[in-house]
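A quick write-up on the structure given underneath.
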Amino acid sequence: MAKCAICEKAAHFGNAVSHSHRRSNKMWKANVKSVKVKVNGGANKKMYVCTSCLRSGLVERA
């Protein structure tokens, strides 16, 4: 679910390293919002868009 419909930014994985350098699995999720967007035909469509795409103006809110 946490995947942008515009740039396809999604979750990525790595290691969380503690102060004693013990490693455990960690997951970073994209900051994705559910927004109504104007599609090319003038219709409104609900899709998941990351906040960086919203701020840069790649999509227009309905």
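It should be emphasised that the depicted structure is a prediction, and the values quoted were computed from it without experimental measurement.
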Contacts of S56 meeting side chain to side chain contact (heavy atoms under 4.5 Å, CB included) (sequence neighbours excluded), chain-then-number -> L58
Output all residues satisfying side-chain hydrogen bond (donor to acceptor under 3.5 Å, both in side chains) with [X], sequence neighbours left out; order by chain, then residue number.
{"X": "S24", "value": "none"}
{"X": "S34", "value": "none"}
{"X": "H21", "value": "R23"}

- Query: Counting only heavy atoms not in N15, do more than 12 fall under 6.0 Å of its CG?
  - Reply: yes
Quiz item: Do T51 and K33 come within less than 4.5 Å of each other through their side chains, counting heavy atoms only?
Solution: yes
| message | Within the structure provided, determine whether V59 and I6 are in side-chain contact (heavy-atom separation under 4.5 Å). | response | yes
The remaining residues in the hydrophobic cluster of W28, counting side-chain heavy-atom contacts under 4.5 Å among Ile, Leu, Val, Met, Phe, Trp and Tyr, are none
Test side chain to side chain contact (heavy atoms under 4.5 Å, CB included) on K45 and K36; report intermediate values, then the result. CA-CA 5 Å; K45 187 177 180 184; K36 287 183 180 175; over 6 Å; no
Open item on the list: With clusters defined by side-chain heavy atoms of hydrophobic residues (ILVMFWY) lying less than 4.5 Å apart, directly or transitively, does L54 cluster with M47?
Closed with: yes
Item to complete: Would you kindly say whether K9 and S52 are connected by a side-chain donor-acceptor distance under 3.5 Å?
Response: yes
d(M27 CE, H12 NE2) to nearest 0.5 Å is 10.5 Å
With sequence neighbours left out, the residues meeting salt bridge (charged side-chain N to carboxylate O under 4.0 Å, His left out) with K38 are E60
Side chain to side chain contact (heavy atoms under 4.5 Å, CB included) for V49 and V32? Distances and angles first, verdict last. CA-CA 5 Å; V49 182; V32 175; over 6 Å; no
Minimal heavy-atom distance between C50 and C4, with the atoms involved, is N-SG, 3.4 Å
